[in-house]
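One structure is given here, and the rest of the page talks about it.
Both backbone and side-chain heavy atoms feed into the values below; hydrogens, waters and symmetry mates do not. In this chain, residues are counted from 1 in sequence order. Computed from a prediction, not measured in an experiment: that's the story for all the values here.
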Amino acid sequence: MGYLEGFAVTIRQHRLFGGKQVTTEYSGGRRAKKKGTDAKQVKGDEKIAKPERLHGRHVLNRYEDGMEKCIGCELCAGVCPADCIHVRGADNDPVNPTSPGERFGYIYEINYLRCIHCDLCVEACPTEAITESKLFEFSFTNRQDAIYTKAELVVDDEGMPKKLPWEDWREGDDLLTSGWMRATSPSGDATFEGEVGWSGELGHGVRAPEPKQVERDKSVRVVER
């Protein structure tokens with residue numbers, strides 16, 4: 001009887017029975033493939049826009065001058081509840097430094113077979129080095145591909161995430177890579193809402209903060225009308 005009760009809840013939520021549909025129609029590109037056209041041109045084959053704060057695949061950011069933000073402090077690895085981050089710092093070369101500080105992240109690895117995308121590493125980072133993109137669809141054919149090294153995580157010379165063959169990047173997934181950090185900095189204190197409290201990023205400059213709650217509420221009311 002328990003199974004039938006579960007189905008009844010699902011049926012009551014469907015729009016045909018007066019409920020509000022909580023999922024969207026998506027065939028995974030199958031309909032577009034049958035019609036021999038692009039997936040975005042076929043109804044049911046275009047995904048809905050992702051939230052700005054979505055926790056996806058990580059990136060390691062760089063300053064506007066190209067230097068890496070990571071200083072190898074290992075705080076992200078220490079706070080990670082899944083023990084999926086491995087970091088080792090090293091002293092900077094005085095002549096050709098990698099980061100502005102005394103040390104930099106010599107080794108940086110994330111095991112995505114363990115990562116739960118909790119974003120605690122982002123909140124723990126003192127330099128905004130590690131943030132998350134909106135990419136969450138990626139799979140692996142072997143375990144080694146699931147361990148991302150610094151070579152895959154550091155953004156390119158345009159400040160954009162590096163796109164790997166097994167990752168399903170969609171439009172806009174790589175734009176707001178620091179959305180969650182900007183929404184919670186500094187330390188989630190509401191008095192700092194709407195204030196800039198972070199450094200610039202390569203390719204993006206100083207990111208604008210999220211609007212204050214009052215402004216967000218106004219925009220929601222306008223949409224509802």
Q: Work out which heavy atom in Ala124 is nearest to a heavy atom in Leu75; give both atom names and the distance.
A: O-CD1, 3.8 Å

Q: Measure the OG-CD distance between Ser199 and Glu64 for me, rounded to the nearest 0.5 Å.
A: 8.0 Å

Q: Would you please test Thr131 and Val59 for side chain to side chain contact (heavy atoms under 4.5 Å, CB included) and show each step?
A: CA-CA 6 Å; Thr131 55; Val59 294; 3.4 Å; yes

Q: Please answer whether the main-chain N or O of Asp93 pairs with a side-chain N or O of Asn96 as donor and acceptor at a distance below 3.5 Å.
A: no

Q. Between Cys121 and Ile85, what is the shortest heavy-atom contact and its length?
A. CB-CD1, 3.8 Å

**Q.** Glu102 CD to Asp91 CG distance, which is reported to the nearest 0.5 Å
**A.** 7.5 Å

Q.
Other residues, nucleotides and ligands only: do more than 12 of their heavy atoms fall within 6.0 Å of OH on Tyr63?
A. yes

Q) In Å and rounded to the nearest 0.5 Å, what is the CZ to CD distance from Arg53 to Glu132? A) 13.5 Å

**Q.** Nearest-0.5 Å distance that lies between atom CZ in Phe104 and atom CZ in Arg88
**A.** 14.0 Å

(Q) Are Cys115 and His58 packed together at the side-chain level, in the sense that at least one heavy-atom pair is separated by less than 4.5 angstrom? (A) yes

Q) What about Val206 and Leu202, same hydrophobic cluster or not, with Ile/Leu/Val/Met/Phe/Trp/Tyr joined at side-chain heavy-atom distances under 4.5 Å? A) no

Q.
Please give me the minimum heavy-atom distance between Ile130 and Leu60, naming the atom from each residue.
A. CB-CD2, 4.0 Å

Q: Return yes if some donor-acceptor pair links the side-chain N/O of Asn92 with the main-chain N/O of Pro100 below 3.5 Å, else return no.
A: no

Q. Are Phe138 and Leu175 in one and the same hydrophobic cluster, where Ile, Leu, Val, Met, Phe, Trp and Tyr link if side-chain heavy atoms are under 4.5 Å apart?
A. no

Q) In Å and rounded to the nearest 0.5 Å, what is the CG to CZ distance from Leu176 to Arg207? A) 6.0 Å

Q) Quick one: does Pro161's side chain get under 4.5 Å of Leu135's, heavy atoms only? A) no

Q: Could you tell me whether the side chain of His86 and the main chain of Glu109 form a donor-acceptor pair under 3.5 Å?
A: no

Q.
Restricting to non-hydrogen atoms, name the atom on Val79 and the atom on Leu120 that form the minimum distance, rounded to 0.1 Å.
A. CG1-O, 3.7 Å

**Q.** For Phe136, the rest of its hydrophobic cluster, which grows through side-chain links under 4.5 angstrom
**A.** Leu54

Q | Distance-minimising heavy-atom pair for Trp166 and Ser139 | A | CB-O, 3.3 Å

Q. Does one hydrophobic cluster hold both Ile110 and Val154, with members joined at side-chain heavy-atom distances below 4.5 Å?
A. yes

Q: Determine whether the side chains of Ser178 and Glu128 contain a donor N or O and an acceptor N or O closer than 3.5 Å.
A: no

Q) When rounded to the nearest 0.5 angstrom, what is the spacing between OG1 in Thr98 and CD1 in Ile71? A) 13.0 Å

Q: Scan for side-chain hydrogen bond (donor to acceptor under 3.5 Å, both in side chains) pairs involving residues 149-164, sequence neighbours excluded, and state none if there are none.
A: Arg62-Asp157, Glu68-Lys150, Thr149-Glu152, Lys163-Asp174

Q: Assess whether side chain to side chain contact (heavy atoms under 4.5 Å, CB included) is satisfied between Tyr108 and Leu153, documenting all intermediate values.
A: CA-CA 8 Å; Tyr108 204 109; Leu153 294 170; 3.8 Å; yes

Q. Is any side-chain heavy atom of Lys69 less than 4.5 Å from a side-chain heavy atom of Glu201?
A. yes

Q | Pairing residues for Asp145 by the salt bridge (charged side-chain N to carboxylate O under 4.0 Å, His left out) criterion, not counting sequence neighbours | A | none

**Q.** Minimum-distance pair of heavy atoms, taken over all atoms of Gly72 and Val87
**A.** CA-CG1, 4.2 Å

Q) Parallel, tilted or perpendicular: which describes the rings of Tyr148 and Tyr112, with under 30° parallel and over 60° perpendicular? A) perpendicular

